[in-house]
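Side-chain atoms are counted along with the backbone in the values below, which use heavy atoms only and exclude waters and symmetry mates.
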Amino acid sequence: MVKNINFTGLTPEELEQFLKSIGQPKYRAGQIFSWIHGRVVQSFSQMTDLPADFRQQLENDCSLEVPNILSIHDSGNTGSRKFLMELSDGAKVEAVFLPEQKRRTVCISSQVGCPLACKFCATGMMGLVRNLTAAEIVAQLYAIKREVGGRITNVVFMGMGEPFLNYNAVIKAAQLIHHKSGLNIGARKITISTSGIASRIRQMADEKHPFRLAFSLNATTDQIRGHIMPINLKHDLTACLDSLEYYSSRTRQRVTVEYILLPGVNDSKEDAERLIKIIRRLRAKLNVIPFNPVPDTPYRQPNQNELKQFVSKVEPAVRRVTVRWSQGSDISAACGQLYAENVKRKRRPTDKTQQPA
Ligand code: SAH
Ligand code: SF4
């Protein structure tokens with residue numbers, strides 16, 4: 001048997017192929033898949049409908065992706081919990097559990113770090129360490145599900161990294177999460193957020209993946225966007241908006257436009273007017289995200305009044321606007337921040353870190 005094949009990243013078809021190669025019947029693939037992705041077990045020994053000797057063989061020769069939870073940060077007021085996890089090579093990623101009244105959302109990472117260096121983003125300051133595998137992406141969700149229990153209703157790829165710079169692994173992970181023998185999360189409840197890799201937006205449209213697409217617009221001119229998001233120099237606003245229009249026309253799906261509010265940078269009357277035009281052109285939903293403070297950036301969080309003023313300018317003109325405070329900003333819920341703090345904490349520990357039981 002091939003030593004140490006990791007089962008967590010395999011589709012049912014890939015599992016079948018592998019099992020065939022070691023002389024096991026096909027139907028075992030379905031059993032194993034639902035143990036891993038439906039019941040999110042951590043070891044082969046828990047797969048009680050497999051023969052004991054086969055379980056032992058798998059235990060010896062194969063592996064499952066089980067990240068080690070290093071710390072859990074609770075937000076007292078919102079119920080959000082942020083997890084710092086260590087992967088098998090020691091790389092660290094963050095994922096967040098965000099419970100609301102009807103939704104229980106998990107936000108997961110697609111890369112360790114991010115190469116795109118957006119000026120407001122803690123992950124952007126780290127640079128790219130590496131891409132995650134599909135197994136490592138879904139394993140973040142499974143680790144959280146084991147910890148919090150109950151049903152997870154929504155998944156967003158809004159943690160560390162740019163999902164479209166790790167396209168194949170991200171799409172595969174979304175398919176595993178969506179699979180009916182897995183967690184069976186609805187395709188429209190799985191959102192992939194991109195900073196705007198135009199070629200991948202077109203690819204996702206051509207491949208007709210059913211997942212939701214969100215675009216981090218964040219500024220309405222190439223000048224401002226290029227300044228806060230260097231990726232705009234490669235994929236400018238025209239390229240991004242054209243590709244999004246193409247996406248909507250091919251898939252008949254509305255995209256969500258995310259707009260991080262940075263007072264004095266992108267919240268003028270003119271910004272609001274340009275934003276309205278873009279939202280109308282894309283027939284998109286708008287999600288305004290007040291900046292969650294990141295140390296060593298020149299930006300500050302908008303106050304309630306600034307936020308209200310900006311939203312009141314766009315609200316009458318667009319179909320649907322939501323405001324999302326980065327939930328649990330008291331636990332630094334914006335992406336990458338926990339990682340950055342953890343690195344600092346290694347030098348000067350604080351009592352905020354809570355070890356899991
Ligand atoms: N790389 C992808 C997905 C991860 S970032 C992207 O950029 O879309 C997910 C979202 O968090 C993006 O909309 C980004 O603009 C936002 N974000 C990053 N840093 C933030 C901060 N400090 N405060 C609020 N939102 C932030
Ligand atoms: Fe990367 Fe998204 Fe952060 Fe920009 S906002 S640095 S693309 S993770």
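Residues satisfying the side-chain hydrogen bond (donor to acceptor under 3.5 Å, both in side chains) test with T322, not counting sequence neighbours, are N287. For N232, the side-chain hydrogen bond (donor to acceptor under 3.5 Å, both in side chains) partners are D222, R225, not counting sequence neighbours. Checked against ring-ring contact (aromatic ring centres under 6.0 Å, His included), Y259 has the following partners two or more places apart in sequence or in another chain: F310. By the side-chain hydrogen bond (donor to acceptor under 3.5 Å, both in side chains) test, S109 pairs with no residue at all, sequence neighbours left out.
You'll find the ring centres of H179 and F33 inside the 6.0 Å limit. Ring to ring, F211 and F157 are not that close: their centroids are 6.0 angstrom or more apart. Ring to ring, F44 and F54 are not that close: their centroids are 6.0 angstrom or more apart.
A continuous path of ILVMFWY side-chain contacts below 4.5 Å connects L183 to M47, so both sit in one hydrophobic cluster. Residues I197 and L233 fall into different hydrophobic clusters, defined by Ile, Leu, Val, Met, Phe, Trp and Tyr side chains chained together at heavy-atom separations under 4.5 Å. The hydrophobic clustering, which links ILVMFWY residues whose side-chain heavy atoms are closer than 4.5 Å, places L128 and I137 apart. Tracing side-chain contacts under 4.5 Å through hydrophobic residues (I, L, V, M, F, W, Y), one never reaches Y246 starting from L237; they form parts of separate clusters.
At least one donor-acceptor pair under 3.5 Å links the side chain of T8 to the backbone N or O of E65. The backbone N or O of I185 sits less than 3.5 Å from a side-chain atom of H178, completing a donor-acceptor pair. Listed for the E59 side chain is a donor-acceptor partner under 3.5 Å among the backbone atoms of S45. In this structure, K119 contributes its side chain and H227 its backbone to a donor-acceptor pair below 3.5 Å. Of the possible polar contacts, none joining the E86 side chain to the I69 backbone as a donor-acceptor pair under 3.5 Å is found. Within the 3.5 Å criterion, the main-chain N or O of A219 finds no donor-acceptor partner in the side chain of D271. The backbone N or O of E13 sits nowhere less than 3.5 Å from a side-chain atom of Q17 that would complete a donor-acceptor pair. Within the 3.5 Å criterion, the main-chain N or O of I201 finds no donor-acceptor partner in the side chain of S243. Here the side chain of S216 pairs no donor or acceptor atom with the backbone of N218 at under 3.5 angstrom.
Looking at every heavy atom in both residues, M229 comes nearest to S195 through CE-CB, 3.7 Å. Nearest heavy-atom pair across M125 and P295 is CE-O, 3.8 Å. Here the closest non-hydrogen pair linking A239 and A198 is O-CB, 3.7 Å. Contact between I192 and P163 at its shortest, heavy atoms only, is CG2-CB, 3.7 Å. Taking each heavy atom of L116 and P230 in turn, the nearest pair found is O-CD, 3.6 Å.
Here the straight-line distance linking atom CZ of F291 with atom OH of Y299 works out to 8.0 Å at 0.5 Å rounding. Distance check, rounded to the nearest 0.5 Å: NZ of K285 to CD1 of I279 gives 12.0 Å. If you take CG on L64 and CD on Q42, they are separated by 9.0 Å, rounding to the nearest 0.5 Å. The distance from the CZ atom of R81 to the CG atom of D74 is 4.5 Å, given to the nearest 0.5 Å. To the nearest 0.5 Å, atom CD1 of residue I32 and atom CZ of residue R55 are 11.0 Å apart. How far CG of L87 is from CG of L132: 6.0 Å, rounded to the nearest 0.5 Å.
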Q.
salt bridge (charged side-chain N to carboxylate O under 4.0 Å, His left out) for K269 and E273? Distances and angles first, verdict last.
A. CA-CA 6 Å; K269 188 168 154 272; E273 284 164 4; 3.5 Å; yes
Q: Let me see the working for S110 and E162 under side-chain hydrogen bond (donor to acceptor under 3.5 Å, both in side chains), right down to the final yes or no.
A: CA-CA 7 Å; S110 56; E162 168 48 50; over 6 Å; no
Q: Please step through ring pair (Phe, Tyr, Trp, His ring centres under 6.0 Å) for the pair Y142 and H37, ending with a clear verdict.
A: CA-CA 8 Å; Y142 301 167; H37 299 277; 5.6 Å; yes
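A salt bridge is absent between E270 and R274: the closest approach of a Lys/Arg side-chain nitrogen to an acidic carboxylate oxygen does not fall below 4.0 angstrom. In summary, R281 and D242 engage in a salt bridge, as defined by a charged side-chain N under 4.0 Å from a carboxylate O. Taking a cutoff of 4.0 Å between a charged side-chain nitrogen and a carboxylate oxygen, E245 and R283 do not qualify as a salt bridge.
N60 and Q56 share a side-chain donor-acceptor pair at under 3.5 Å. Residues S248 and Q253 bring no donor and acceptor atom of their side chains to less than 3.5 Å of each other. Looking at Q111 and N131, their side chains do bring a donor and an acceptor atom within 3.5 Å of each other.
The salt bridge (Lys or Arg N to Asp or Glu O under 4.0 Å) analysis of residues 196-215, with sequence neighbours excluded, yields the pairs D206-R250.
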Please tabulate, for the side chains in residues 168-176, all donor-acceptor contacts under 3.5 angstrom to protein atoms that are two or more places apart in sequence or on a different chain.
unit_1, atom_1, unit_2, atom_2, d
K172, NZ, G9, O, 2.7
K172, NZ, E14, OE1, 2.8
K172, NZ, E14, OE2, 3.4

